[in-house]
Structures are given as structure tokens and as C-alpha cells.
Amino acid sequence: MKKIENPPIANYLMGSMRYMGYTFEDAIADIIDNSISANCNTVNVIFTKDPSNLYVGVLDDGKGMTSEELFRAMCYGSQANETKREATDLGRFGLGMKSASLSQCKRLTVISKSKGETSAYRWDYDEVSKKSNNGKWFVLKLDPNEIENLNCFEELDKLQDGTLVLWEDFDVLYKASGGFVYESLTKHRNNLLDHLALTYHRFISEDGLDIFVNYARIEALDPFLSKRSDNTWGTIRQPMTDSHGKQHFIEITPYKLPFISDMSENEKRLIGGDEKMNRMQGYYIYRGKRLIKYGTWFGTPRHEVSKYGRVKVDIPNTMDDIWKVDVMKRNAFIPRELSKLLDKTIGSLIEKSTKQTRFRGQPVTSDSDKEVYVWNRIEARNGFYSYRINKDNYFIKAVYSQIPDSAKVFVDMMLKQIEQNLPIHQLHLDHDENRINPNEDTDLTADLLEQAICTIEFLISNGLDIQTATENTLRCIPFRSNNDLKSKISKYYKV
């Protein structure tokens, strides 16, 4: 058997790899992965502000590379997939920086500063494609004068160490946008804000990483509302063996979000906006805290209430092959040996979310509570429930006290009609989609004040003093949810 060298033709292979399927946002993220692996504290994605000079730069203050290190990094396949990595290394095949960058532009220049030395190399697809190169891999080394004239170089020059990845000649965007490259870059810049805020939210919130887009700091999202103590029930550590027989642990943390109407405005912002609830449900697969894939249950049917469910799954970078993490680091698949455990986790999550959805009110649990709630939840046989208006409620008692005995039978008939004809399904759907307006009546406080006074007067007529009658009234729903009511009652009674 004879060995014959058969190297790939540079322009053919490079041209093919330009169409691997990177989105603009995925490509930028692949560059930022390298910045994080270089132990940076800050990353700034810099978009041109001049339509006549189009470029995008990714600048970090990491450890930088010497000329020799940078030359090796510019080589396609500069790192073996099987190579042992640090836990913080977000690399995959040694292809990311080159394939991601050249999927968006024809000219990639990388400038790095380390130990007082600045060096730069460039891949230029037009240069590689020249017939005179005969299909060979010729990378361009820039001299000091060429480096100083590069876009954004002055920003790198201010740093002690760091790296600048510079994209120019956006032929792909030119074709896709019909020549409106600047406008297309502006659109991608805006899309990038949410993409980076989610992909790197744990680095930003947990490690203090600063990511800027044109010097505007990215605020981390939090799809789990992890600072709340009421939406998770602990982390499962599941052992798994890698391809080399070494055991690692997969960490699985299920979360159940509260209803949108129970979230603050800041919490809605942290989850990416209430309109995204449905597509943000599912597994969140992290590789070294970097989000790889989200918004899927991996084939498990979505439940009506599953959109409140999130399952965070942490995998180490040593198990890429088992999880089938792809080159672009935007896809992963659950190994068969883990799927049963995760299916059980989903089942528990759906069950908790279903219970939450079925009944959000509080049932009357003791004699001291029975006057507070408007509705009674009454347990029937076989786990079914019915809902009845609570006639022990202070306000309803007050209203009944004003009705002549001859009319009470008709009021009872009316209330029974209301109880038996609740639009339960539509209420659930509207609430689930956050389409119920809690402030439909612009003069709600005035109405509540009138109702509260009616209740207080009833309690006073039954022997309570003003203070006790007021306290009992303000315990009742819906009076207790209005913060202005207490002061208005005090003003009304001049106490």
C-alpha cells in the first residue's frame, strides 16, 4: 500500500466552508467564544458608522497571541477535536473563527497584541482564489504600517493585551440585501443585542463579563428568573461516561415560571418579553455555561402549560461527541441513556405547571379565612372541583343585608347562573396569553372605595369598631390588592 499526499485545494475548500449555514449572529458568537477562552473581561462588537467604509470588529482584552500563536490559530483545523481542553475552552474543531468569519465576508483580518508585540494575519478569499496560487493555502502577514491603518486598530492599541477580529468585504450580505449592506449590518446589529444577552447571560450575570455592541453594554437575560426562590426544586447531578471511559456529571435543573401576570415588568424583560413565552420554553443546553440550544423539548409534545417550563442542562466540553455538538455550536442532541431521566423531569415539570394553571386562587382553608375570598373552590368526587360564590365574604354579606327578603331568591338565581356559566376555557386562554386587562375600569379605585365603605358600614352595624371593620375589609379580595385604598378610607373617615 502506497501513501500519496492529497491536500485539499484551498479556494475550493474555503469556498465550500463559507456556506456551512452560519447566521450572522451565530458567527459573531463563535468569535466571542474565542475571546472568552482567552480569559477576557470585556468584548466590544464594533459596527461601522460610515456607509462608505464597511466593517465589523470584535475586540477583546484577553491574553492575546504572539505572532507564532496567531499564525497557528489562522490555520484551518488548528485544534484536534479529541484534544483535551480546559473546562473554560469554548472551542470545538479549530475551525470556528475562520469558517464563521468567512461565512459573512471575503476578508478576515486578525490582529493580536501580546507581551508588547502586535501581529496580524489575513485570509482574503479573492487572494486565495487567484489562479497563480494554484489552490495553495496562502495567508497574508501584515507589516506594521498596514496594521496601523486597519479599522479599529487604535482601540486595540490602547490595551495591554488583546485581539481584534475584523470583517470586511461583505459579499454575502451584498447579495442577500440587494446591495444595501450598511442597512443590513444595522439590522444585524439590532438582532445581536438579544442574541448575545441570551447566549452569554450566565457569563454576564455570574462571571461579570462585559459585552458591548458599539460601546453599549449588553444586559443579561435570565430565562429562568433564577433569583426567585419559588420556581425550582433543586439540581440533579447525573453521571455519564465520555468516549474515553472517564466519568463526568451532567447537571439538570428544572424551572417553573410564574404566570406572566404575576411577574414584575423587570422579570418580563429578563425572560425576553412575554410575547416570547411560548417559543422560549423547553430545554436549555449549556456547554461550559455557553448556551447551545434552547426552545425545544426534543420531540416531547408541547403541553398547553409547558410554556412555563424550562430545564437547564449543563454539559462539559469533553462530551461534544456524545451530545453531537456541531461545528457552529448551535445544536445538540440528548443521549439515549439520559433521555428517560429527562422525560421524567419534564413530567414533573408539566404536573407542577398544570396544578398552577388549574387553580390560582386560594381555597378557604379555615374559619378565619372564609370571609376573605370571593370564590369558594369545592372539591367533588374523583378529583373534580366546582366554584361557588362565597356568601360568607364580608362585601357580599353587606350587599345581601341591603336586599329585601322578597328579592333575595332572585339574587340567588342570578348568582347561580353566573356560577354555572363561567367562560372557563376562554378565561384560561386569555389569561395564558396575558390578554386580560386588569385595569379595564379607569376609575377602579373609586368603585372599590364605595364598595369598601359599604362593607365597613355593614360590619360597624354588626358591632365592630371602625378600626376593626376597616382591617377586616382590607383583608378581603379585591380590596387588599389596591395600595391606595387604605389612605382613602382613612381620609373618608378622618381617622
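- Atom OH of Tyr76 sits about 9.5 Å away from atom CE of Met97, to the nearest 0.5 Å.
- In this structure, NZ in Lys141 is found 9.5 Å from CG in Leu70, a value given to the nearest 0.5 Å.
- When the side chain to side chain contact (heavy atoms under 4.5 Å, CB included) test is applied to Thr48, the partners found at least two apart in sequence or on another chain are Asp50, Leu54, Tyr55, Tyr182, Leu185.
- Closest approach of Ser101 and Val165 over heavy atoms only: OG-CG1, 4.1 Å.
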Practice problem: Would you sort out whether Leu209 and Cys40 count as a side-chain contact (heavy atoms from CB on, under 4.5 Å), showing the intermediate values? | Solution: CA-CA 8 Å; Leu209 175 67; Cys40 73; 3.9 Å; yes

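- A cation-pi contact, defined as under 6.0 Å to the ring centre and within 45° of the axis, links Arg18 to Tyr125.
- Closest non-hydrogen pair, Gly64 versus Glu69, comes out as O-OE1, 4.2 Å.
- Here the side chains of Glu155 and Leu164 are not in contact, with every heavy-atom distance at 4.5 Å or above.
- Electrostatic pairing of Arg72 and Glu68 counts as a salt bridge here, judged by a charged N lying under 4.0 Å from a carboxylate O.
- In this structure, Asp274 and Met263 have side chains that are not in contact, with every pair of non-hydrogen atoms separated by 4.5 Å or more.
- Under the 3.5 Å distance criterion, with hydrogens and angles disregarded, a donor-acceptor pair is assigned to the side chains of Tyr121 and Ser67.
- Nearest approach of Cys75 to Lys98, heavy atoms of both residues: O-NZ, 3.1 Å.
- Of the possible polar contacts, none joining the Asp60 side chain to the Gly162 backbone as a donor-acceptor pair under 3.5 Å is found.
- A cation-pi arrangement, defined by a distance under 6.0 Å to the six-membered ring centre and an angle within 45 degrees of its axis, is present between Lys289 and Phe203.
- Nearest heavy-atom pair across Gly234 and Pro254 is O-CD, 3.4 Å.
- With values rounded to the nearest 0.5 angstrom, Asp194 atom CG is found 10.5 Å from Glu25 atom CD.
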Exercise. Assess whether ring pair (Phe, Tyr, Trp, His ring centres under 6.0 Å) is satisfied between Trp167 and Phe24, documenting all intermediate values.
Key: CA-CA 12 Å; Trp167 296 354; Phe24 187 94; 5.6 Å; yes

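- Defined by atom type and a distance below 3.5 Å, a donor-acceptor pair is present between the side-chain atoms of Arg269 and Asn266.
- Between the side chain of Asn149 and the backbone N or O of Asn145 there is at least one donor-acceptor pair closer than 3.5 Å.
- The SG atom of Cys105 sits 9.5 Å away from the CG atom of Asp124 when rounded to the nearest 0.5 Å.
- The CG atom of Leu196 lies 8.0 Å from the CD1 atom of Ile28; values are rounded to the nearest 0.5 Å.
- The backbone N or O of Thr42 sits less than 3.5 Å from a side-chain atom of Asp61, completing a donor-acceptor pair.
- The two residues Trp297 and Gly309 have their closest heavy-atom pair at CZ2-O, 3.8 Å.
- Of the N and O atoms on the side chains of Asn151 and Glu168, at least one donor lies less than 3.5 Å from an acceptor on the other residue.
- With respect to the salt-bridge test (charged N to carboxylate O, under 4.0 angstrom), the residues Arg107 and Glu127 do not qualify.
- In summary, Asp207 and Arg202 do not engage in a salt bridge, as defined by a charged side-chain N under 4.0 Å from a carboxylate O.
- Surrounding CZ of Phe170 are more than 12 heavy atoms belonging to other residues, nucleotides or ligands, all under 6.0 Å away.
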Exercise. For the pair Arg237 and Ile252, evaluate side-chain contact (heavy atoms from CB on, under 4.5 Å) and give the outcome as yes or no after the intermediate values.
Key: CA-CA 6 Å; Arg237 296 187 80 237; Ile252 305 158; over 6 Å; no

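- Rounded to the nearest 0.5 angstrom, Ile147 CD1 and Asp157 CG are separated by 10.5 Å.
- Using a 4.0 Å cut-off between charged side-chain N and carboxylate O, Asp33 and Arg290 make a salt bridge.
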Self-check item: Test side-chain contact (heavy atoms from CB on, under 4.5 Å) applied to Phe224 and Thr232, step by step
Solution: CA-CA 9 Å; Phe224 314 113; Thr232 187; over 6 Å; no

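- Nearest heavy-atom pair, Ser99 versus Tyr22, reported as atom, atom and distance to 0.1 Å: OG-OH, 3.5 Å.
- For OH of Tyr174, the number of neighbouring non-hydrogen atoms (other residues, nucleotides, ligands) closer than 6.0 Å is 12 at most.
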Exercise. Dump the intermediate steps for side-chain contact (heavy atoms from CB on, under 4.5 Å) on Asn44 and Tyr215, then the final yes or no.
Key: CA-CA 7 Å; Asn44 193 3; Tyr215 307 97; 2.8 Å; yes

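- Two residues are said to be in side-chain contact when any heavy atoms from C-beta on lie closer than 4.5 Å; Ile32 and Val58 meet this criterion.
- No side-chain heavy atom of Asn214 sits under 4.5 Å from any side-chain heavy atom of Val45.
- The closest side-chain heavy-atom distance from Tyr284 to Pro223 is below 4.5 Å.
- Judged by distance alone, with hydrogens and angles left aside, the side-chain atoms of Lys113 form no donor-acceptor pair with the main-chain N or O of Ser119 at under 3.5 Å.
- Using a 4.5 Å heavy-atom threshold, the side chains of Thr163 and Met65 count as touching.
- You'll find the side chain of Glu267 reaches within 4.5 Å of the side chain of Arg228, heavy atoms only.
- Surrounding CZ of Phe249 are more than 12 heavy atoms belonging to other residues, nucleotides or ligands, all under 6.0 Å away.
- Counted by atom type alone, Ser177 and Ser184 present zero donor-acceptor pairs between their side chains at under 3.5 Å.
- Annotation for Gln160: atom CD does not count as buried by contact number, only 12 or fewer foreign heavy atoms lying within 6.0 Å.
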In a table with atom names and distances, give each donor-acceptor pair under 3.5 Å that connects a side chain of residues 3-14 to protein atoms at least two apart or in another chain.
none

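- Taking the six-membered ring for Trp, Trp123 and Phe138 have ring centres at least 6.0 Å apart.
- Under the rule for a side chain to side chain contact (heavy atoms under 4.5 Å, CB included), the partners of Ser132 that lie at least two apart in sequence or sit in another chain are Lys130.
- Remark: side-chain polar atoms of Asp143 are paired, donor with acceptor, to backbone N or O of Glu146 under 3.5 angstrom.
- Looking only at side-chain heavy atoms (C-beta outward), Ile46 and Phe212 stay at 4.5 Å or farther from each other.
- The pair Asp126-Lys106 counts as a salt bridge, with a side-chain nitrogen and a carboxylate oxygen less than 4.0 angstrom apart.
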Exercise. Determine, step by step, whether Asp210 and Arg217 satisfy the salt bridge (charged side-chain N to carboxylate O under 4.0 Å, His left out) criterion, reporting the C-alpha distance in whole Å, the side-chain angles of both residues, the deciding distance to 0.1 Å, and the verdict.
Key: CA-CA 7 Å; Asp210 283 324; Arg217 181 183 275 107; 3.2 Å; yes

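- Taking the six-membered ring wherever Trp is involved, the centroid distance between the rings of His201 and Tyr286 falls below 6.0 Å.
- A 6.0 Å sphere centred on CZ of Phe71 holds no more than 12 heavy atoms belonging to other residues, nucleotides or ligands.
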